[in-house]
Amino acid sequence: MLAILAIVTAPARADDVTLSARDGSLSIDGTLLGFDGEFYRVDTEYGELTLDGSGVTCDGPGCPDLLNFVARLRISGSASVGTTLLPILLETFAVRNGYDVAREDQGDGGLTYLLSERRSDDPSGEFIFNLNSSDEGFADLIADEADLVISRRAVSRDEAVLARQAGRGTLTDPGRSRILALDAIVPVVAVENPLPDITLEDLRGIVTGRLTDWAELGQEPGPIVLHITRPSTGLFQSFMRRVLRRESVALPDGTVVHDDDGTLVSEVSDDPLALGLVAFSDIGNAQPVDLRGPCGRLSAANAMALKSEDYPLTTPIFLYTPARRLPRLARDFLAYANSPAAQAVIARAGFVDQFPQAVSLDAQGARLANAIRNAGTEVSLSDLKDMIATLEGRSRLTISFRFEGGSTLLDAQSRSNVALLAEALERGLFDDRRLTFAGFSDGTGDAVANRRLSRDRAEVVRDAVRTAARTMDPSRITLDVAGFGEALPMACDDVEWGRGVNRRVEVWLD
């Protein structure tokens, strides 16, 4: 083979290495960018290369200590999630896998966990947290100062472009992100405040300063005091994108801005004139306010509504990684974080886990009553009877699938749900059972076409789950599809967010 030799005339740098094939056929000089215990990542004159460590020898000042290798993972992003959820998951992962854990707090969002082998006391891993905001997390990843971003929002288009230009991969690809847990944006007031519910349009009016007095919401007169977390936080940015459809807003005079949800909830709970936007996981002593659609349909934030995305302001907690291999210990931790064993830990931390639960048809009387009450003129009593006959005796799983606007691509939470359901099928959780993928649509357009479209989407989801469940025994499970069109609305069709909630595929278990 042709040997590739690089001539270096400049003084050796601390991270310079020469990687040589063990048979002497190849030699590459470069700057060591990283070593994950198995593979070298090197910046060379040919670009960034990744080489299997088992096939090369390393010479030079930058070579790692192979005998005392310590896996490192740099974590950046949302402080409100990273300081609560990830440490608990990391500690339980360590206990399950025989590691001792030492925690070091550096302040200002800095935190380090050292994992060592329990039997030998040898260091195995270093998890370095730099927690501030979702904005900072993506900036750190783009600058190659983070290996993992935890965020309350999806990556923005600008961030995705910068990451791709910096060689971090395409962050919008399914393989670059995963959903760790579920949360939601919830309007809250003091217990003494009698506000029972609010529309998204009124929330929009309060945040933009169009509504300033409680009398405009049918309450006793008094100024509305808006409380939010910092505009740079992923939670508020999600609100901006979901409700205001924009990136920034001029907040009304008197808005109280907090560094964290805890102080926000505390102040809102003590002020009957206050209204806050807070994470479902941090409601505390505040009083949550239901969301009301134009047709009068109410949406309350609860675990089932978040799991099924029936609550319109559900916000997944994302983990993003660049397009490179992470150390085995880091990969093992991420696999654990998305495993069924971690779901109970996520729930104990105050977030909503993604483990599917079954809810019987009898327990969904309100949904069925709403279906009959809000069914359009194109939905006949026969259509409703057919739907009830199909679902009778079955239970709905708290897992739903929705598509990105104007496309046949599943949204981020639904892609995660495909993996979750596929894993459950592979584990035999539903062996000898029947799963029906039931498609539903909004009320726009012809009812016959909507039934056909809803069935087509149910087939798309069924096929995606079947493809993902590679080790599933198809002889032990039946996967059916059905399409009911606009027969079972979950929200008001009068507004776009309501139509988005109604366009879904549910999973029913027999």
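Residue numbers start at 1 and run along the sequence shown.
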Going by distance alone, is a donor N or O of one side chain under 3.5 Å from an acceptor N or O of the other, for [X] and [Y]?
X	Y	answer
D183	S281	yes
D140	N130	yes
E423	N338	no
S156	E159	yes

Taking atom CD1 of I128 and atom OH of Y113, what is their separation to the nearest 0.5 Å? 14.0 Å
To the nearest 0.5 Å, how far apart are CG in L251 and CD1 in I206?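 Between L251 CG and I206 CD1, I get 13.0 Å after rounding to 0.5 Å.
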Please determine whether salt bridge (charged side-chain N to carboxylate O under 4.0 Å, His left out) holds for the pair E309 and R504, giving the CA-CA distance in whole Å, both sets of side-chain angles, and the decisive distance to 0.1 Å. CA-CA 9 Å; E309 286 189 274; R504 69 199 186 278; over 6 Å; no
Spell out, as yes or no, whether a donor-acceptor pair under 3.5 Å connects the side chain of [X] to the backbone of [Y].
X	Y	value
Y320	L171	no
K307	P356	no
D271	E267	no
D100	S116	no
E117	D122	no
R176	T170	no
S441	S454	no

Answer yes or no: is there a side-chain heavy-atom contact under 4.5 Å between L200 and V495? no
Evaluate the side-chain hydrogen bond (donor to acceptor under 3.5 Å, both in side chains) criterion for residues S416 and Q354: first the C-alpha distance (whole Å), next the side-chain angles of each, then the deciding distance (0.1 Å), finally the verdict. CA-CA 9 Å; S416 178; Q354 300 178 83; 3.1 Å; yes
Salt-bridge contact [X]-[Y] (side-chain N to carboxylate O under 4.0 Å):
X	Y	result
R245	E496	no
R74	E145	no
D147	R41	no
D135	R230	no
R499	D493	no
D353	R348	no
E201	R210	yes

Please report the shortest heavy-atom distance between [X] and [Y], naming the atom on each side.
X	Y	result
S76	A146	CB-CB, 3.8 Å
L32	P64	CD2-CD, 4.1 Å
L111	Q106	N-OE1, 3.2 Å
V207	P252	O-CD, 3.0 Å

Given the options S238, S80, S134, R152 meets side chain to side chain donor-acceptor pair (under 3.5 Å) only with S80
Heavy-atom neighbours of [X] [atom1] exceed 12 at 6.0 Å:
X	atom1	value
R96	CZ	no
N285	CG	no
D52	CG	yes

Can you check salt bridge (charged side-chain N to carboxylate O under 4.0 Å, His left out) on R297 and D197, steps first, answer last? CA-CA 10 Å; R297 172 75 174 173; D197 50 63; over 6 Å; no
Mind telling me whether H258 and H227 have parallel, tilted or perpendicular rings, with 30° and 60° as the class edges?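 Parallel.
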Determine whether D105 and R103 satisfy the following criterion, salt bridge (charged side-chain N to carboxylate O under 4.0 Å, His left out), listing intermediate values before the conclusion. CA-CA 7 Å; D105 290 291; R103 170 172 170 156; 3.2 Å; yes
Looking at the rings of Y311 and F280, which for Trp means the six-membered one, are their centres under 6.0 Å apart?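 No; F280 has its ring centre 6.0 Å or more from that of Y311.
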Check for me whether R457 meets the cation-pi criterion with F403, that is, NZ or CZ under 6.0 Å from the six-membered ring centre and within 45 degrees of the ring axis. yes
